[in-house]
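Residue numbers begin at 1 in each chain, while the letters A, B, ... track the order of the sequences.
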Amino acid sequence: MNLLRFGHVTAPVLGAFWAVIMAVTLAVGFSFSTGIGFQPRVLLSLIFGLIAGGAYLTGARQSVILVAMVVLGILVTLAGFGPIRVSGQGGSFLSVLTGVALGLAVAYPLGAILNEVTPGALTRHVFEEAVIRFLTGFGYIFFTAIVVIPFYVMVMTSLKSQQELLQNPLDFSIDLSKGTDLLRSYAELFADFNFGSYLVTSLFISVMTVFITLAFSVPGAYAVARLRFRGQAAFSRSILLIYMVPMIVLALPIYIAYSMTGLRNSVLGIVLIYPVTTIPVALYMLQGYFRGLPAEVEEAGLMDGLSRLAVIWKITLPLSLPALASVSLYVFMIAWNEFLLAFMLLDDPSKFTLTRGVAMLNSSEIPRQHLMAGAVVATVPIMALFLGLEKFMTKGLTAGSVKG
Amino acid sequence: MTSAVPPKGTGPLARREARLAWGLLLPTVISVSLVVILPLLAIFWISFKPIELADLRAPTPIIKESLRGKPSDVGDTGTLEYKLRNSSRDKAITGVTLTDMIPEGLVLGELDERCTVSVQDLFCDFGDLAGKQREKISIPVTLTQAFVDAGVHPKDSIPVMTGDAENILTNFEFSLENYARIFDGDEFWTVFWVTLFYTIVGTVGALVFGLFAALLLNKSFRGQGILRGLYLFPYVAPVIAVAFTWVTLFDPFSGSANALLLQMGVTQEAINFFGQRPLALIMVTVFEIWRYFPLSFLFILARMQSIDTDMYEAADMDGASPFQKFWYLSLPQLLGILSVLFLLRFIWTFNKFDDIFLLTGGNAGTRTLTVNVYEQAFAVSNIGAGAAVAVVIFGCLLVFSFFFFKYVSREEGL
């Protein structure tokens with residue numbers, strides 16, 4: 001550890017690791033955007049990074065180092081010894097581009113990471129700061145990559161044709177000259193697979209679920225939070241306990257009961273069952289919020305002659321509008337994303353919800369881009385809602401959602 | 001002078017409040033017990049019964065009525081035929097009878113000995129019907145003017161059938177066969193260890209990655225809000241969409257991940273990520289971590305932002321290094337939320353069904369207990385065995401929640 005905390009060692013080592021990270025990142029990024037093979041080479045990357053890290057120890061100006069590393073990057077890539085090997089189809093233009101990108105991506109952040117790192121022994125503070133900056137840089141790249149790549153693949157696959165997909169699964173570049181033809185999968189989904197109706201069904205079911213859930217959980221949560229009655233503590237615990245019962249355990253008897261009563265394959269059956277799965281969590285979230293409201297306001301209302309129910313309606317609810325928004329959004333999300341019950345209880349294609357409809361697309365006869373287009377159709381509304389109302393959504397997620 | 005004594009017992013006001021409370025809770029209590037408590041009891045009941053998917057529909061006599069010989073004019077003769085069969089292959093139906101209305105103007109010939117006619121109603125008694133048994137009744141008929149004028153068909157009136165079959169769901173036969181079956185052999189333990197691996201690695205992984213992500217975003221900079229929103233994507237998107245995306249991405253033939261790895265020279269031939277042991281189990285666990293790290297991240301970030309900054313300033317004055325500050329200040333402060341998250345996520349990951357079901361369908365060594373419920377009940381169509389697995393899951397859940405309430409709820413005031 002002490003040896004590491006020595007400028008002559010720290011800078012090249014961090015530089016070497018950084019170069020490997022950047023080489024892999026750039027190779028993956030370029031491959032996914034062009035479809036041509038880019039191969040990161042660990043050993044050459046390490047050497048490249050060693051040089052870059054060492055350069056910062058010389059005390060040269062950053063601009064000089066940047067230029068030097070870019071030139072070096074271009075030269076070694078063209079010569080075939082670059083940290084990233086561009087496959088034959090690439091041509092020299094792409095090699096030059098790769099070299100430039102590599103030089104910049106390695107040298108520029110490294111300047112920030114190695115800020116204050118000087119030759120000779122380092123203080124613990126300087127060393128750890130440098131390591132933390134290195135890890136932070138890595139973290140941003142890593143998390144952004146793992147989140148973005150699947151969604152990128154989802155959207156891009158839905159815009160391709162079967163042929164293109166089989167030809168080169170890596171090639172996600174889209175041909176803009178095709179115009180609206182790009183959206184063919186979507187047009188087919190809505191025209192041939194009835195996705196318009198699924199969208200409406202899902203929306204209807206989710207909205208109904210939100211309303212029914214609120215109608216049940218608001219009075220319940222108020223009672224648990226404010227009123228004194230015997231069994232209150234036991235009650236709040238059993239809410240949480242019920243919240244932990246796995247759906248698959250309940251799905252079996254529900255399936256049997258629905259088969260016997262003929263509620264299977266009906267939207268009504270789904271609307272009856274979804275709210276019950278969300279009431280406990282909504283009740284739990286709301287009672288937490290109600291407890292946080294000042295009781296004095298309500299007592300003032302009581303003193304002025306309002307009944308309890310009027311107090312709830314006229315005082316508590318208006319005060320808890322933000323919480324109601326969060327809970328509604330969260331419940332909406334659960335209902336919209338629900339898959340298991342829809343999958344088990346709905347067989348009739350005319351009554352599918354969106355998730356059930358997407359599940360139907362997962363067959364060997366239906367091309368992949370349709371499946372991905374279905375996934376996009378299911379994802380976009382909830383994402384739009386999420387991004388538009390992120391504040392409420394985040395609050396809702398934190399308040400009640402250790403559930404998943 | 002007597003000293004004031006506080007009132008004992010519940011006064012009328014308190015009683016009224018309690019009444020109101022129960023009134024407000026009543027809808028929730030009723031609906032939740034209908035959909036949660038009742039099914040739970042049902043699961044226990046079913047788990048002791050040797051019941052298969054086909055037994056769900058009680059055996060019924062199925063009737064098919066037809067007018068043969070194509071009679072169309074006055075004086076034509078034909079045959080009115082009733083074909084009857086037991087819908088079940090092995091269960092008997094007792095006391096099977098048929099009642100049907102004969103259209104006006106249709107003159108019946110010689111009747112089957114099991115049937116009688118009173119005015120317009122035909123009544124036949126078949127007695128008991130064994131499993132798979134078929135019966136046929138043919139009655140010669142002659143058409144008259146009234147029948148042709150009315151233009152009705154014998155099939156317009158649907159025959160009313162009666163018959164009792166023993167329903168296996170409601171009788172009082174019990175057996176331990178289902179439990180014997182699921183605990184039999186190595187299969188149960190394989191499933192159990194898979195579940196444990198998935199749950200523990202998935203939970204810890206999601207917590208560690210969540211902590212890392214929270215540390216990254218626990219500072220304000222431009223774009224922090226955007227990144228925070230972005231990192232929540234995996235959790236907010238519908239599971240079905242992201243699961244199928246992963247399946248597409250890691251497809252052994254047309255998946256981009258394989259193409260990428262081949263191009264990079266990491267592997268020489270395509271890897272079947274979701275189709276081979278033990279890689280499939282690792283992949284579904286990675287998916288679990290990927291999908292739920294946002295949740296841990298959100299909780300941990302919220303807790304971090306409420307830590308007092310004074311402490312860090314004091315530590316700075318004392319010359320603590322960044323890692324020391326994390327290890328000696330942040331981590332102890334986060335321990336509470338981390339343990340709550342661990343327990344809750346543990347329970348939820350244990351209960352997880354959709355993700356694995358969509359990714360691998362429980363194949364290639366990824367069958368967890370929850371997937372096993374589905375597998376037994378619907379793939380093998382043995383509902384009883386599925387219910388028995390569900391009871392085992394419920395037992396585990398009770399153990400977990402005991403720990404939860406014992407160690408966690410007090411701390412976080414849940």
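Interface residues of residues 394-402 of chain B toward chain A, defined by a heavy-atom distance below 4.5 Å and sorted by number: Phe394(B), Leu397(B), Ser401(B).
Note that the CZ atom of Phe323(B) and the CZ atom of Arg124(A) stand 9.5 Å from one another [nearest 0.5 Å].
Residue Glu17(B) forms a salt bridge (Lys or Arg N to Asp or Glu O under 4.0 Å) with just one option from Arg228(A), Arg226(A), Arg230(A), and that option is Arg228(A).
In this pair, Phe233(B) and Phe151(A) present their aromatic rings perpendicular. The plane angle is above 60°, beyond the 30 to 60° band.
Formation of a donor-acceptor pair under 3.5 Å by the Thr28(B) side chain with backbone atoms of Phe216(A) is found in this model. In this structure, Gln263(B) contributes its side chain and Phe38(A) its backbone to no donor-acceptor pair below 3.5 Å. Proximity of a side-chain donor or acceptor of Asn337(A) to a complementary backbone N or O of Val239(B) within less than 3.5 Å is not detected.
When side chains are defined from C-beta on, Phe32(A) counts as touching Ser256(B), because their heavy atoms get closer than 4.5 Å. When side chains are defined from C-beta on, Ile382(A) counts as touching Pro238(B), because their heavy atoms get closer than 4.5 Å.
The six-membered or imidazole ring of Tyr140(A) lies near that of Phe221(B), with a centre-to-centre distance under 6.0 Å. Aromatic ring centroids of Tyr255(A) and Phe378(B) lie under 6.0 Å apart. Aromatic ring centres of Phe212(B) and Phe142(A) lie farther apart than the 6.0 Å criterion allows.
The part of Val29(B) that comes within reach of chain A is its side chain, from C-beta onward, which places non-hydrogen atoms under 4.5 angstrom from that chain. Residue contact with chain A, scored on non-hydrogen atoms closer than 4.5 Å, involves the side chain of Lys219(B) exclusively.
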